[in-house]
Amino acid sequence: MSSPFKHPKSGIYTHRKGVPKRLVPIIGKAVFQQSLNTKDLREAKSLIIPLLADVDNQIRLAELRLTEDSSQEFSLRDCQF
C-alpha cells in the first residue's frame with residue numbers, strides 16, 4: 001500500500017503512484033498525483049484508501065486495453081480516465 005507523501009515546504013500530504021512504462025501511452029501520464037488537502041497524517045491515511053482503489057482500477061483497465069481482451073465489458077464509469 002502506498003503511503004501519503006508530505007510536501008517538504010507546505011506540509012500538505014499528497015498521493016503519488018507511478019504508472020508502469022508500458023501503460024504510459026494508454027493512461028497519458030507517468031505518475032498519478034493528487035493532493036489530499038490535509039496536514040494531518042491520520043486523516044491523509046484515511047483519504048488515500050479510495051484514491052488507491054481508483055488508481056489501481058485505472059491501471060487494471062489500461063492493462064486490459066493493452067491486451068485487447070474483447071471478452072471484458074466496460075461500463076461508462078470504467079472508461080473514464
Side-chain angles (χ1 to χ4, degrees):
M1 181 168 141
S2 296
S3 297
F5 172 77
K6 186 175 183 179
H7 190 275
K9 290 186 180 180
S10 69
I12 295 177
Y13 286 94
T14 60
H15 164 254
R16 291 177 49 104
K17 184 166 184 176
V19 175
K21 288 183 182 183
R22 68 184 188 283
L23 300 177
V24 170
I26 296 170
I27 293 177
K29 53 186 164 185
V31 176
F32 285 101
Q33 182 172 340
Q34 185 172 354
S35 175
L36 299 172
N37 296 319
T38 185
K39 292 183 177 183
D40 180 37
L41 179 59
R42 183 173 288 158
E43 184 180 0
K45 285 182 177 181
S46 67
L47 292 171
I48 201 171
I49 294 169
L51 292 175
L52 287 171
D54 188 46
V55 167
D56 288 341
N57 189 38
Q58 289 185 43
I59 289 173
R60 183 181 55 82
L61 290 171
E63 287 174 345
L64 286 172
R65 279 188 63 192
L66 186 66
T67 60
E68 298 179 356
D69 183 1
S70 61
S71 66
Q72 179 71 28
E73 291 186 22
F74 298 106
S75 69
L76 183 60
R77 165 72 176 110
D78 291 337
C79 297
Q80 294 176 349
F81 284 100

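What you see below is based on every heavy atom in this structure, not just the backbone, and it leaves out hydrogens, waters and symmetry mates.
- Taking every heavy atom of both residues into account, Thr67 and Leu64 meet most closely at OG1-O, 3.1 Å.
- Linking Ile, Leu, Val, Met, Phe, Trp and Tyr whenever their side-chain heavy atoms come within less than 4.5 Å leaves Leu52 and Phe5 in two separate clusters.
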Stepwise side-chain contact (heavy atoms from CB on, under 4.5 Å) test for Glu43 and Leu36: CA-CA 9 Å; Glu43 184 180 0; Leu36 299 172; over 6 Å; no

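- Of all heavy-atom pairs between Ser46 and Pro50, the closest is O-CD, 3.7 Å.
- Here the closest heavy-atom approach between residue Ile59 and residue Gly18 is recorded as CD1-O, 4.3 Å.
- Atom CZ of Arg22 and atom CD of Glu63 lie 5.0 Å apart (nearest 0.5 Å).
- In this structure, the side chains of Val55 and His15 come closer than 4.5 Å at one or more pairs of heavy atoms.
- No continuous path of ILVMFWY side-chain contacts below 4.5 Å connects Ile12 to Ile49, so the two sit in separate hydrophobic clusters.
- The CG atom of Leu51 sits 4.5 Å away from atom CD of Gln34, with the distance rounded to the nearest 0.5 Å.
- Closest of all the heavy-atom pairs between Val24 and Ala30 is CG2-CA, 3.9 Å.
- Rounding to the nearest 0.5 Å gives a distance of 5.0 Å between OG1 of Thr38 and CG of Asp40.
- Using a 4.5 Å heavy-atom cutoff, the side chains of Val19 and Ile26 are not in contact.
- Counting only N and O atoms by type, the side chains of Asn37 and Ser35 include a donor and acceptor under 3.5 Å apart.
- Atom NZ of Lys29 has more than 12 heavy atoms from other residues, nucleotides or ligands within 6.0 Å.
- One distance of note links CD1 of Ile27 with CZ of Arg65; it measures 9.5 Å at 0.5 Å rounding.
- The only member of Leu41, Leu47, Ile48 that meets side-chain contact (heavy atoms from CB on, under 4.5 Å) when paired with Tyr13 is Leu41.
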